[in-house]
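Chain letters run A, B, ... following the sequence lines, proteins first and then strands; every chain starts at 1.
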Amino acid sequence: MNILDLSNHLQTYLVIGAFLFGIGFYGLLQRQTLIGMLISAELILAGASVNFMAFNRFVAPDPTVGQIFTLFIMAIAAAEAAIALSIVIAVYRNYKTIDTVDVADLEG
Amino acid sequence: MNPPITSADGLAGIVFLVMLLVTGAGAMIAVNAERTIRAVAGLALCFVGVAGIYYFLQSPFVALMEMLIYVGAVCVVLVFAVMLAEPHPEQQVSKRNALVGGLSFITAGMLTWGLVALAKGATWSTAAVRMNEGTMRDVGLSLLTTYSMVFELVSVVLLVAIIGSLVLGRAGRSKA
């Protein structure tokens with residue numbers, strides 16, 4: 001496998017998707033603010049989208065399905081970002097902080 | 001299989017490597033930057049790289065949508081949230097166990113290693129026939145025929161998300 005020919009192999013894209021997922025998972029565990037965790041969640045969704053698009057290009061019999069699924073992931077991610085950010089702003093208004101340790105009295 | 005570096009395929013390979021580098025660097029900035037606004041900038045960089053990867057997967061429409069929705073909309077919304085709710089950097093003292101960073105790195109590393117090993121070990125059978133070429137025209141046709149119901153449902157979800165975020169953001173504003 002030549003290094004200039006990487007874009008024609010399914011494994012390349014699967015490895016990219018795995019790395020995006022891993023980096024996002026690391027950020028989700030390690031970040032201390034709610035906005036940082038939201039950024040990491042977006043990275044996880046990007047990894048999933050790359051996987052869908054890779055299988056769509058190389059394996060799927062109908063190459064429109066993966067593209068449409070990725071478009072729906074984008075729409076849901078945009079809705080999720082809007083809702084999560086308004087929750088973050090509501091939390092900030094009540095607690096004057098977005099640190100996850102400080103708002104832990106929301107636990108049951 | 002082995003394109004010379006000056007041919008069109010070789011140059012495309014170099015552009016692909018640059019896109020991989022942009023994606024990885026952006027993702028690392030997004031999770032490791034000290035200030036949140038820099039993390040948002042890293043996220044935008046990462047999404048530019050992902051859009052390039054989509055272009056190499058023969059989906060220019062999805063690449064365009066990635067630029068429009070993620071870089072153009074989601075990152076701007078994140079910047080607004082940082083402006084509205086970012087605490088001062090000098091108040092950001094770590095209240096957490098120092099082990100959290102190392103343990104989460106180990107966990108994420110093991111997960112990534114497992115997924116990469118799975119991806120490299122598995123063999124995937126390619127489809128015998130392809131129903132279409134997956135061009136922008138094909139995407140539009142199946143979006144408005146086969147998936148028209150889901151298309152409408154997503155627009156309802158987006159409407160509910162807009163109203164919900166307005167209600168959540170509005171609550172308690174008058175007393176502030």
Side-chain angles (χ1 to χ4, degrees), chain A residues 2 4-7 10-11 13-16 18-23 25-27 29-33 35-36 39-40 42-43 46 50 53-54 57-64 67-68 70-72 74-79 81-83 85-90 92-94 97-99 101, chain B residues 1-3 5 10 13 16 27-28 30-31 36 39 43 50 53-54 56-59 62 65 69 73-74 77 81-82 84-85 87 95-96 100-101 104-105 107-108 111-112 115-116 119-120 124 126-127 129-132 134 138-139 142-143 147 154 157-158 161 164-165 168-169 171-172 176:
Chain A
N2 190 285
L4 291 180
D5 199 35
L6 275 180
S7 63
L10 174 60
Q11 270 84 7
Y13 298 98
L14 296 185
V15 170
I16 299 167
F19 267 98
L20 280 176
F21 173 78
I23 293 173
F25 191 80
Y26 166 69
L29 292 179
Q30 171 254 355
R31 277 287 182 190
Q32 302 211 9
T33 60
I35 294 180
I39 290 173
S40 308
E42 296 287 344
L43 282 178
V50 168
M53 292 294 285
R57 155 82 171 78
F58 290 99
V59 181
D62 183 0
T64 62
Q67 299 189 39
I68 289 171
T70 307
L71 290 175
F72 288 150
M74 283 179 194
I76 300 297
I83 293 282
L85 288 175
S86 57
I87 291 175
V88 165
I89 289 170
Y92 181 75
R93 199 175 284 139
N94 288 320
T97 178
I98 51 168
D99 195 302
V101 176
Chain B
M1 261 339 248
N2 200 350
I5 199 162
F16 183 71
M28 293 310 282
V31 292
T36 316
L43 188 73
V50 171
I53 288 169
Y54 287 164
F56 275 91
L57 285 167
Q58 302 179 350
S59 315
V62 182
M65 283 299 124
I69 297 177
V74 172
V77 170
V82 170
L84 288 173
K95 300 169 190 133
R96 242 178 228 196
V100 168
S104 53
F105 184 80
T107 315
L111 260 176
T112 311
L115 283 173
V116 168
K120 291 190 93 65
W124 310 97
T126 50
V129 287
R130 308 204 87 188
M131 289 162 61
N132 50 55
D138 296 328
V139 173
S142 55
L143 198 58
Y147 303 102
V154 163
V157 168
L158 284 174
S165 58
L168 279 172

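- How far OG1 of B/T107 is from CD of A/Q30: 12.0 Å, rounded to the nearest 0.5 Å.
- Proximity of A/M74 to B/V74: side-chain heavy atoms (C-beta onward) are nowhere separated by under 4.5 Å.
- Residues A/L14 and B/A119 approach most closely at CB-CB, 3.5 Å, considering heavy atoms.
- Neither the backbone nor the side chain of B/A73 comes within contact range of chain A, judged by heavy atoms closer than 4.5 Å.
- Within the 4.5 angstrom heavy-atom criterion, atoms from both the backbone and the side chain of A/I23 approach chain B.
- With values rounded to the nearest 0.5 angstrom, A/Y13 atom OH is found 4.5 Å from B/L57 atom CG.
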Show, in sequence, the C-alpha distance, side-chain angles and deciding distance for B/V31 and A/F25, and conclude whether the side-chain contact (heavy atoms from CB on, under 4.5 Å) test is met. CA-CA 10 Å; B/V31 292; A/F25 191 80; over 6 Å; no
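- For the pair B/A30 and A/L43, the tightest heavy-atom approach, listed with the atom from each and the gap, is CB-CD1, 4.1 Å.
- Between A/M53 and B/S59, the shortest heavy-atom contact is CE-OG, 3.1 Å.
- Contact of B/L143 with chain A is made through backbone and side chain together, with heavy-atom distances under 4.5 Å.
- Counting only distance, with no hydrogens or angles, the side chain of A/R57 and the backbone of B/Y54 share no donor-acceptor pair below 3.5 Å.
- Expressed to the nearest 0.5 Å, how far CZ of A/R31 lies from OG of B/S104 amounts to 11.0 Å.
- Taking A/A78, A/S86, A/P63, A/A81 one by one and counting their heavy-atom pairs under 4.5 Å with chain B, the maximum is reached by A/P63.
- For A/F58, the parts sitting under 4.5 Å from any heavy atom of chain B are the backbone and the side chain alike.
- Ranked by non-hydrogen atom pairs under 4.5 Å with chain B, the options A/V59, A/L71, A/I68 are led by A/I68.
- Per-residue heavy-atom pair counts under 4.5 Å with chain B were compared for A/A79, A/A18, A/P61, and the maximum is reached by A/P61.
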Can you check side-chain contact (heavy atoms from CB on, under 4.5 Å) on A/Y26 and B/L111, steps first, answer last? CA-CA 10 Å; A/Y26 166 69; B/L111 260 176; over 6 Å; no
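- Across every non-hydrogen atom of A/T64 and B/V139, the tightest pair is CG2-N, 3.9 Å.
- Comparing A/I87, A/D62, A/I76, A/V88 by heavy-atom pairs within less than 4.5 Å of chain B, the highest count is held by A/D62.
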Could you go through the side-chain contact (heavy atoms from CB on, under 4.5 Å) check for B/L84 and A/Y92 one step at a time? CA-CA 9 Å; B/L84 288 173; A/Y92 181 75; over 6 Å; no
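- The minimum heavy-atom distance linking A/A75 with B/V154 is given by the pair CB-CG1, 3.5 Å.
- Only the side chain of B/I69 comes within contact range of chain A, judged by heavy atoms closer than 4.5 Å.
- Minimum interatomic distance between A/R93 and B/G169 (heavy atoms only, all atoms of both residues): NH1-O, 3.1 Å.
- Contacts with chain A were tallied for B/F105, B/W124, B/F56; B/W124 has the most, counting heavy-atom pairs under 4.5 Å.
- Both the backbone and the side chain of A/I39 come within less than 4.5 Å of a heavy atom in chain B.
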